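In what follows, a single structure is set out as structure tokens and then discussed.
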Amino acid sequence: MIVKKVREEVAEEDMEELEVVYVPPPPPEEEDSIFSHYATGINFDKYDNILVDVSGDNPPQAIMTFEEAGLCETLSRNVSKSGYVKPTPVQKHGIPIIAAGRDLMACAQTGSGKTAAFLLPILQRLMEDGVAASRFSEVQEPEAIIVAPTRELINQIYLEARKFAFGTCVRTVVVYGGTSTGYTIREVLKGCSVLCGTPGRLLDIIGRGKVGLSKLRYLVLDEADRMLDMGFEPDMRKLVGSPGMPSKEERQTLMFSATYPEDIQRMAADFLKIDYLFLAVGQVGGACSDVEQQVLQVTQYSKREALMDILKTTGTERTMVFVETKRKADFIATFLCQENVPTTSIHGDREQREREQALTDFRTGKCPVLVATSVAARGLDIEHVQHVVNFDLPSGIDEYVHRIGRTGRCGNTGRAVSFFDPEADSPLARSLIKVLSGAQQEVPSWLEEIAGGAHGTTGFNPRGRVFASTDTRRREEARHQVSVPSSAADEDVWE
DNA sequence: TCTCGAT
């Protein structure tokens, strides 16, 4: 029996030939609930005087307003209902690049609107032709796949996509581990245009043949440097090598992150067309200057006392406390609860339900303190996070930039306090100083001294990038010539 | 070490 799913009117002759299942448009939802997610007022002043650098051949012209993005009526309405008034730099440049069908590697500071920068043009293109073209397929196969490194982050992207696609016939599905396999398979089998997922579960359902890839046009790697680092690279290679996956020539590949180490940039080129564009807003790997950064010198044994001192002043303000291991997350969370600080925690050893409950309790303010491992370091957009505490500093500076980026989002201000234990953290000193000074923050003299004696830097290279060009020779040169000065950019635009 | 499939 052939079953066809139809969203709109069907020609009479088709009706006779086939058993037709009418698929209604997405069920009416409470608009208020869907648009209340992460609705933040955006302060655009912070985006003045940010250097935007587009490298590569013939980049399309930037847009200055959302009207110029040419979004359909429904999308425009959803954009303004979400509180977006004016595009941020990564949106001004990224949207036309994606709309023009170009591959893109984009670096922009934490909290600067990267998610909308790729969702809007993709949804618009799907509205224009994608969804309509595959309307009569047996099961709707995804036209866009979006991957992210953690479950909570991909769920957040999914909710954003749902918000923008509200009232359209674009169906979005999210898949990730820790949830019922049966349920995700049933959801996927209903078909979708946009499929969001974490690598493990995505490969799982693709491997089981539950998702066809023949319609795929867009592949998005959010937190791309993380998706291509040691931990995830094998999964990403499996994904692009999956049976039926269009080659990089046949699909459009988009990468977004706030940090982008150069070795990863070079490797990322394997996934991108040769003429991809590179978009950098501000310093690649730089911290957002709306976050006030402090570094305190501590010892392993004075950390808990120092934490209590901070929490005495923060009261009910939301505070994220990052630690290095899952065990320590439990330990510190338990400690804080014993000290009568309402605390919850999130890390990879907790049940998925507990993880999501923890985020909810933190978001609502039931628990104003969230103890987390790096699972919560990237991408999460939680309103009103005023403080980030690095109880333990991460081993790499990029992770530091992402962690402190949980505050100071969308033009709001925030504060980050980091406990620096010279015994453990000296290798980070140099790169930490670069990030501090890059964001116009005070550098403690004791930290300078430690950096003077320490040898290693943990790979921070402002504005480092690899040129994108149709001229292969030029790109080969660029591969060897790391850290190109910004004046060498094809086009520099002062906002 | 930390994420990422369940088994």
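Everything numeric in this text was worked out from a predicted model, so none of it was measured. In what follows, chains carry the letters A, B, and so on, assigned in the order in which the sequence lines appear, proteins first and then strands, with residues in each chain numbered from 1.
If you check B:dT1, B:dA6, B:dC4 against the side chain of A:Arg201, the one that comes closest is B:dA6. The side chain of A:Thr325 sits closest to B:dC2 out of B:dG5, B:dC4, B:dC2. Comparing B:dA6, B:dT3, B:dC4 against the side chain of A:Asp235 picks out B:dC4 as the nearest. Picking from B:dC2, B:dC4, B:dT1 the nucleotide with the shortest atom distance to the side chain of A:Glu324 gives B:dT1.
Residue A:Gly207 is classed as having no contact, given no heavy-atom separation below 4.0 Å to the nucleic acid. Within the nucleic acid shown, A:Ser374 has no heavy atom closer than 4.0 Å to any nucleic acid atom. Contact annotation for A:Arg355: backbone-only contact, meaning every heavy-atom pair under 4.0 Å involves sugar-phosphate atoms and none involves a base.
Among the candidates A:Gln352, A:Gln156, A:Glu356, the single residue satisfying the side chain to side chain donor-acceptor pair (under 3.5 Å) test with A:Arg151 is A:Gln352.
A:Arg151 has its CZ atom 15 Å from the P atom of B:dC2, to the nearest Å. Atoms CD (A:Glu399) and P (B:dT3) sit 10 Å apart, rounded to a whole Å. Atom-to-atom, CD of A:Glu351 to P of B:dG5 comes out at 14 Å; the value is rounded to the nearest Å. Summarising the geometry, the separation between CZ on A:Arg350 and P on B:dC2 is reported as 15 Å, rounded to the nearest angstrom. We find that CD1 of A:Ile185 is positioned 11 Å from C1' of B:dA6, with the value rounded to whole Å. Atom pair A:Leu228:CG and B:dC4:C1' shows a separation of 14 Å (rounding to whole Å applied). Atom CG of A:Leu153 and atom C1' of B:dC4 are 13 Å apart (whole Å). Nucleotide B:dT1 holds its P atom 18 Å from the CG atom of A:Leu428, rounded to whole Å.
Judged by distance alone with a 3.5 Å cut-off, no donor-acceptor contact links the side chain of A:Arg226 to the base of B:dC4.
There is no side-chain donor-acceptor pair under 3.5 Å between A:Gln386 and A:Thr319. Defined by atom type and a distance below 3.5 Å, a donor-acceptor pair is missing between the side-chain atoms of A:Gln293 and A:Gln440.
OP1 or OP2 of B:dG5 lies within a sub-4.0 Å distance of a side-chain N or O belonging to A:Thr198. Using a 4.0 Å cut-off, no side-chain N or O of A:Thr150 falls inside it from OP1 or OP2 of B:dC4. For the pair A:Lys328 and B:dT1, the criterion of a side-chain N or O lying under 4.0 Å from OP1 or OP2 is not met.
Cation-pi geometry between A:Arg251 and A:Tyr218 is not met at under 6.0 angstrom from the ring centre and within 45 degrees of the axis.
When ring centroids are compared, A:Phe322 and A:Phe391 stay outside the 6.0 Å threshold.
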